[in-house]
J.: 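This is the structure I have questions about; it appears just below.
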Amino acid sequence: MRFNYKFSNVLGTVYREGNLTFTPDGNSVISPVGNRISKFDLKNNTSFTLPVESSHNYEQIALSPDGNLLFAVNEVGEADLISLVSNRVIHKYRFNERVLHLRFSPDGKHIAACKLNKIFILQTPGHFIGQFNQFALERVFSDILGDTTYVAWTDDSSILAVGSKDATVRLYTIGNYSNFRPYSLTGHPDTIVGIFFEENSLDLMVVARNGHLSVWQCSLSLNQLTSVESTNNKRLKLNDDEEDEIDLSKGEDRERYITNKEEEYNKKQKLLDSKKFLSYHKLSTHYLNDYIKDEHNNLKMTTADYHKKVKILVTGFSNGSFLIFETVGKTLIHSLNISDTSISTIVLNNAGDWIAIGCKGHGQLLVWEWQSETYVMKQQAHGSEVSCLTYSADSVYIATGGEDGKVKLWNNQSGFCFVTFLEHTSTVTGVAFAPNKKFIVSASLDGTVRAFDLTRYRNFKTFVSPRPVQFSCVSIDSTGEFIAAGGQDVFEAYLWSMKIGKLLEVLSGHEGPIVSLAFSPIISSTTLVTTSWDKTLRIWNAVETASDHETIQLFADGLCVAFRPDGKEVVVATLDGQLLFFDVRTSTQVASIEGRNDLGSGRKDTDLITAKKNLQSKAFKSVCYSADGQFVIAGGQSKNVCIYNVAEGILLKKFEITQNQSFDAVLDVVNRRKMTEFGNIDLIEERETREGGNVKLKLPGVHKGDLAARTFKPEVNVFDVKFSPTGLSWSAATTEGVLVYSLNNGFIFDPFLLELGITTKTTRDTLLKKEYASALMMALRLNESNLITEILESIPTKDIELTVISLPKMYIEKITKHIAILLGSTIHIEFYVQWIMFLLNSHQPHQTIILTLYKNLSKKFMDLSKVCDYNKYTLAVIKRLASLQTNEVKEEVKTENEPMEIDENQVCENKELEGIYTSKNNIKWKLALLYCR
C-alpha cells in the first residue's frame, strides 16, 4: 500500500472571507477558503483546491487578464503570486500591513494594491513585461487622508482611480501626460465602495457606502491624453551653464536675456492655454438605498460591481439583498434577498450573465444567472465546525454532520454538496451510511436518531428513547436492519429495528458516557462493541443475547473504537494517547501503540505551560482501519494525523493538516512580538471600570472560547478521520472543514521486482516482438502508469484472453488495480471492460479493487445514461421530422406526375419548367437520403 497521499480538496467550506473572481472564460469562479484557494468549475460541475497554503487566511485575490497568474494576499499582508498553470507559488511579496483591495491593470503589467492611506504600483513578474524577476515597486502614491478602499484602471492602463474612507476619489497616472494633473473628486457622503470607468472612456461612476451613486463626466477622452517625451538632462545642464556665462552687467546682454525669457514664457503660456486639461463635473446623483430603505433604516451598501459592455451595475447590501440596475436609464432590473447576513463580495463574469455572491456570515457562495433568474451554483458551508463524517460503501459520497445541526451529503468526485438535511435541532454527533447506500442515519444531542432517504431526500424515520437522552454516537449493522446509538448523559446503548422502527433492546452496564460504538462488518455477526469513559470496552451479542457481554478493562478512558474490515479485531483509542488492539473472539489484547509523542501539540496564546508539557493531556479522538486492515489512521487534539502499521506497531506517515496561524495552537512557541515587560500580552486581562468588565481570558476548561469576542481564534483540531473503502483517499473533519487527501497520480519511481535488463526501451522492444505478456510484466515491474497504459492499449482485442492466462497471480492483482483506477478517466470503455471480464474470470481481486471498479463503472454508466437519454429524444425528433419530410416529398412527386397540357417543344424555353425538372432531381436526392437514414 502506497502512502504518497497529497492534499486534493476541501469540503464543508466554500467561502470564508475576501473577494471572488471569475476566470476570463467566465466558466469558473475562484474563492478564498481560509488559507487555501478553491476553484469551482461551473461548466463541468467540479471543484478543485489549489495545493497552495498560506500562513494566514487569504483576504484579497486578483486574477491576471490572461487567467494564468493569481495574486493573493493574506490578512497580515503576505502576498503570493500563484501560477494557475503549474498550481505553484512562483513569487512572494510582503506588504507588512493589511491590503484592502487589489487590481491588475488591463494590460497585465502592473498590480495596484490599497494599503493604509497609500496605493502601491508593482510591476508584474511574467511575460507581460518580458522578465521573470521579483516584484519591483514602481510607484507609491501617499497623499491620501483616509485608508484606501478601492482601485480601478482605465481600459488602456494609463490612469487609475483610488477611493478611500475620506469619501474622495483621486486620479493618478503612471506615465507622464502634459494635460493631466492629479485630480480629486469630492462631494461623496460616505466611504467609497466602488469606482467604475466606462468602456474606453475616462467617465466614471462612484458608489458610496450609504448607497449614493455619483456619475462623473470627464472633459477629455482617452486618446486626447498627450504623453510627454523624455528630455535629455545632460543637455539641459549644458544650457544652464551657458546661461550662467552671460555677463548681465552689460546693458545689451541684459536686455537680450530678459527679452528671450519673456518670449519663452509667452510661448509656454500660449501652449498651456491651447491645451485642454483633464477635469470632471458631476452629471447626476442617484440614491440606490431608496428601493429597500423602507424596511431597513440602517442599511449599508457593502460591495458593488459593474459590467462595462452590458451596462449592468450590481450592488450588495448589509441585509443580504442585492440589486441589479441598468446604468443607461438607472432603472432597477432585479432585486433579491439571498441571506439574512451581509453580502461580503459580488462580482460579474466577463459575459455579464452570471453573478457570484459571497456571504461571510454563513459561508455561502452563490452564482446567480440574472436573466433566467436561476441558480448556477448554490453552496453553503456548515455554520460551525464539522463534528463527524463517513464514506459511502463505494467512496462516491461523503456525509458530514456539524455542530449547527445540519447533515450534508457531498459528492467526492465533484466536491459539491448536493443535499442538506435540517431536521436536527442540536449538534450532530455521528453519521453512518447504510450498506446498500439507500439511506443514512445520524445521531444528535437533541435526543433523536434520524434516518434520511437518499432517493427522495427526506427524513422518513425518527428513533427516540423512552426517556430523553443525548446521543453521542451511532452505528448500522452490516445488513442494515439494526441501528445502535450510545447515550452521553444516560450511560446506556439503544438498539432499534430499521424495518419496524421500534426499540428492541436497552444495553446497560456502562458507568460513564458511551462515546463510541461499532457493529461487526461480518454479515452473519451481530457483534456490537462499545467504549466509555468508565475505562471499559464491552463486547455485546446485540440481537441474540443482549444482556450478556464481555467486559475488557482499559488503562484509561476510551475515546473511540473501530472494527477491522474482517471483523476479527478492534482498535480502541484511550485518553492516555494509546491505541489498543483486541481480538474479538478471545477478548485478549494483541497489540498496542503509544502514539502520544507522534500526535504532537501546539501552544495556545493563553497557555501558561509549554507545548511539551501540554502534550501530556493530548490523545487520539478518532481512529479507523484501512481497507485491507493492515494499517490504522488516527487523529485528535492536534494538527497532525498519523498512519500506523498494526503488525509492526510503527509510525509510517504523519500528515500536518494545516499551517494556518489564524488558528490557535498551531505554533509550538509563543510569538516574541507578544512578549512585553509584563509577560505575554494575551495573558493580561482587559477590564473596564464597570463591574464585570471586559475579561479577555476564557474560563478554565472551556475549549470553544468566547465566540462573541471581537477577535476569536479557534483551536486547530481533528474531530473525525476516515479511510475510504477503496483505499485511494482519506478524509479528516477539522476546524478548517473536511480535508480530502488522495493518492498522488504523478510519477513516482516505485519499481516492483526490478531487474537489470528491464528498461522502458526493452519493454517497448518486447511489445514490437508481439510478446504481450512479457511486455506487460516488464511494465508492471517498472511500475510506470503511463507505460502500463501504453502496453495495455497496444495489445489487440483478440489476444487479451491469452495474455491474461499467461500472467502470474501477483501480476493479475496489480493489472486489475491499474485498470480499475484507469476506468475513471479513459475513453476506451469497451476495451477495458473486456480486460476486466477476463481478469475477474481468472482471479478474484481484493475487495478494495472491486469497490474501485464499481465506483468508476457506476460513474461511466451515469454519464453515458444521461447522454443516451438526451439522444433518445433527439432521435425521436429527427425521426418525426424525417416522416414529415417524406410525406411532403411524396406529395410533391404526386403533384409533378399529374398530366400537364404543355407543348413539348416549348419546355426548354420556359424557365419555370426548367425549375420543375431540377426539383425532380432534388426530390430523388431527398428520397435517397431518407432511405439511408
Side-chain angles (χ1 to χ4, degrees), residues 19 62 65 100-107 110 112-114 119 121 141 143-144 146 148-175 177 179-225 276-288 301-316 323-331 346-348 350 352:
N19 64 316
L100 295 180
H101 194 246
L102 281 175
R103 185 61 61 91
F104 268 94
S105 62
D107 59 5
H110 297 91
C114 298
I119 183 75
I121 309 298
F141 302 102
D143 58 337
I144 306 171
T148 53
T149 58
Y150 201 89
V151 60
W153 294 84
T154 55
D155 287 343
D156 62 351
S157 305
S158 59
I159 295 177
L160 67 154
V162 183
S164 61
K165 290 184 178 180
D166 61 359
T168 61
V169 176
R170 289 173 172 81
L171 278 77
Y172 301 98
T173 180
I174 299 177
Y177 297 97
N179 54 347
F180 177 85
R181 296 291 184 272
Y183 200 88
S184 296
L185 305 179
T186 59
H188 306 104
D190 207 341
T191 301
I192 305 301
V193 173
I195 306 170
F196 310 107
F197 281 101
E198 293 291 348
E199 187 177 10
N200 297 322
S201 173
L202 289 173
D203 300 339
L204 54 85
M205 294 186 299
V206 180
V207 181
R209 192 176 62 166
N210 62 351
H212 284 211
L213 171 64
S214 302
V215 181
W216 297 84
Q217 186 178 20
C218 184
S219 60
L220 299 178
S221 60
L222 279 176
N223 54 11
Q224 289 179 337
L225 291 174
K276 189 177 181 182
F277 280 90
L278 180 140
S279 63
Y280 280 87
H281 72 277
K282 186 182 292 188
L283 286 181
S284 60
T285 302
H286 306 272
Y287 304 95
L288 306 182
M301 184 185 294
T302 55
T303 180
D305 194 24
Y306 177 63
H307 198 279
K308 300 179 181 180
K309 296 181 180 179
V310 188
K311 307 294 183 183
I312 295 297
L313 176 67
V314 185
T315 58
L323 306 178
I324 305 176
F325 295 92
E326 186 179 4
T327 58
V328 177
K330 303 300 182 293
T331 56
I346 195 166
V347 63
L348 285 155
N350 284 351

J.: Tell me, please, which residues at least two apart from Gln224 pass side-chain hydrogen bond (donor to acceptor under 3.5 Å, both in side chains).
T.: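 If we apply the side-chain hydrogen bond (donor to acceptor under 3.5 Å, both in side chains) test to Gln224, skipping adjacent residues, there are no hits.
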J.: Quick one: are the ring centres of Phe104 and His110 less than 6.0 Å apart?
T.: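 They do not qualify: ring centres at least 6.0 Å apart.
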J.: Got a sec, which pairs hit salt bridge (charged side-chain N to carboxylate O under 4.0 Å, His left out) with one end in residues 186-212, sequence neighbours left out?
T.: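 Every pair satisfying salt bridge (charged side-chain N to carboxylate O under 4.0 Å, His left out) with a residue in residues 186-212: Asp190-Arg209, Asp190-Lys300, Glu198-Lys311.
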J.: Report yes if the side chains of Ile195 and Val169 come closer than 4.5 Å at any heavy-atom pair, otherwise no.
T.: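 The answer is yes; the side chains approach within 4.5 Å.
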J.: Between Val215 and Lys330, is the side chain to side chain contact (heavy atoms under 4.5 Å, CB included) condition met? List the steps.
T.: CA-CA 11 Å; Val215 181; Lys330 303 300 182 293; 3.9 Å; yes
J.: In chain order, what residues pass the side-chain contact (heavy atoms from CB on, under 4.5 Å) check against Thr168, with sequence neighbours excluded?
T.: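 Residues passing side-chain contact (heavy atoms from CB on, under 4.5 Å) with Thr168: Ser164, Asp166, Arg170, Thr186.
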J.: Would you say His307's side chain and Asn350's backbone share a donor-acceptor pair under 3.5 angstrom?
T.: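 Yes; at least one donor-acceptor contact below 3.5 Å.
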J.: Going by the rule side-chain hydrogen bond (donor to acceptor under 3.5 Å, both in side chains), which residues pair with Ser184 if we only count those two or more places apart in sequence or in a different chain?
T.: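 With sequence neighbours excluded, Ser184 shows a side-chain hydrogen bond (donor to acceptor under 3.5 Å, both in side chains) to no residue whatsoever.
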J.: Among all residues two or more places apart in sequence or in another chain, which pass the side-chain hydrogen bond (donor to acceptor under 3.5 Å, both in side chains) test with Ser214?
T.: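 Expected list: none.
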J.: List the residues meeting salt bridge (Lys or Arg N to Asp or Glu O under 4.0 Å) with Lys308, not counting sequence neighbours, and say none if there are none.
T.: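 Once residues adjacent in sequence are excluded, the partners of Lys308 under the salt bridge (Lys or Arg N to Asp or Glu O under 4.0 Å) criterion are Asp155.
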J.: Is there a donor-acceptor pair under 3.5 Å between the side chain of Thr173 and the backbone N or O of Ser158?
T.: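 Pair found, side chain donor or acceptor close to backbone of Ser158.
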J.: Rounded to the nearest 0.5 Å, how far does CD of Glu326 lie from CD1 of Ile312?
T.: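 Taking CD1 in Ile312 and CD in Glu326, the distance rounds to 5.5 Å.
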J.: Does a side-chain heavy-atom distance below 4.5 Å link Leu222 with Ser201?
T.: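 Leu222 vs Ser201: side chains apart.
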J.: Which residues pass the ring pair (Phe, Tyr, Trp, His ring centres under 6.0 Å) test with Tyr172, not counting sequence neighbours?
T.: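 Expected list: Phe141.
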J.: To the closest 0.5 Å, what do you measure between OH (Tyr280) and CD (Gln217)?
T.: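 Result: 10.0 Å between the selected atoms.
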J.: Got Leu202 and Ile159 here, is their nearest side-chain heavy-atom distance under 4.5 Å?
T.: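 They are in contact (side-chain heavy atoms under 4.5 Å apart), so the answer is yes.
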J.: Could you pull out all residues at least two apart from Trp153 that satisfy ring pair (Phe, Tyr, Trp, His ring centres under 6.0 Å)?
T.: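 For Trp153, no residue satisfies ring pair (Phe, Tyr, Trp, His ring centres under 6.0 Å) once neighbours in sequence are set aside.
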J.: Only counting residues at least two apart or in another chain, list the ones meeting side-chain contact (heavy atoms from CB on, under 4.5 Å) with His101.
T.: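 Counting only residues at least two positions away or on another chain, His101 forms a side-chain contact (heavy atoms from CB on, under 4.5 Å) with Gln60, Arg103, Cys114, Tyr150, Val151.
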J.: Output all residues satisfying side-chain contact (heavy atoms from CB on, under 4.5 Å) with Thr303, sequence neighbours left out; order by chain, then residue number.
T.: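 Thr303 satisfies side-chain contact (heavy atoms from CB on, under 4.5 Å) with Ile343, Ile346 only.
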J.: To the nearest 0.5 Å, what is the distance between CG (Asn200) and CG (Asp156)?
T.: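 Asn200 atom CG to Asp156 atom CG measures 8.0 Å (nearest 0.5 Å).
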J.: Kindly say whether Leu348 contributes a backbone atom to a donor-acceptor pair with the side chain of Tyr306 at under 3.5 angstrom?
T.: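 Such a contact is absent between Tyr306 side chain and Leu348 backbone.
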J.: Just how far is it from atom CG of Leu213 to atom OG1 of Thr315, taken to the nearest 0.5 Å?
T.: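 Answer for the CG-OG1 pair, Leu213 versus Thr315, is 9.0 Å.
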J.: Mind listing the closest non-hydrogen atom pair of Gly187 and Lys282 along with its distance?
T.: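 Here Gly187 and Lys282 meet closest at O-NZ, 3.9 Å.
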J.: Quick one: does Asp305's side chain get under 4.5 Å of Leu313's, heavy atoms only?
T.: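 Side chain of Asp305 against side chain of Leu313, heavy atoms only: no contact under 4.5 Å found.
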J.: Would you indicate whether the side-chain heavy atoms of Phe196 and Thr327 approach each other to under 4.5 Å?
T.: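 They are not in contact (no side-chain heavy atoms under 4.5 Å apart), so the answer is no.
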J.: Applying ring pair (Phe, Tyr, Trp, His ring centres under 6.0 Å), can you list everything that pairs with Phe197, at least two apart in sequence or on another chain?
T.: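 Checked Phe197 against ring pair (Phe, Tyr, Trp, His ring centres under 6.0 Å); zero matches.
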J.: Tell me, please, which residues at least two apart from Thr149 pass side-chain hydrogen bond (donor to acceptor under 3.5 Å, both in side chains).
T.: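 Expected list: none.
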J.: How close do Pro65 and Ser105 get, heavy atom to heavy atom, and via which atoms?
T.: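 Here Pro65 and Ser105 meet closest at CG-O, 3.6 Å.
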J.: Taking the side chain as everything from C-beta on, heavy atoms only, tell me whether Ser279 gets closer than 4.5 Å to Tyr183.
T.: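 Result yes, sub-4.5 Å side-chain heavy-atom pair found.
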J.: Can you name the closest pair of heavy atoms from Ala304 and Val193 and give their distance?
T.: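 Scanning both residues completely, I find the closest heavy atoms to be N-CG1, 4.1 Å.
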J.: How about Val207 and Ile192: do any of their side-chain heavy atoms sit closer than 4.5 Å?
T.: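 Heavy-atom side-chain distance check fails, nothing below 4.5 Å.
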J.: Side chains of Leu220 and Asn179: does their closest heavy-atom pair fall under 4.5 Å?
T.: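 Yes, close enough: below the 4.5 Å cut-off.
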J.: Distance check, rounded to the nearest 0.5 Å: Leu102 atom CG versus Asn19 atom CG?
T.: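 That separation rounds to 7.5 Å.
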J.: How far apart are the closest heavy atoms of Phe180 and Leu171, and which atoms are they?
T.: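 For Phe180 and Leu171, the tightest heavy-atom pair comes out as CZ-O, 3.7 Å.
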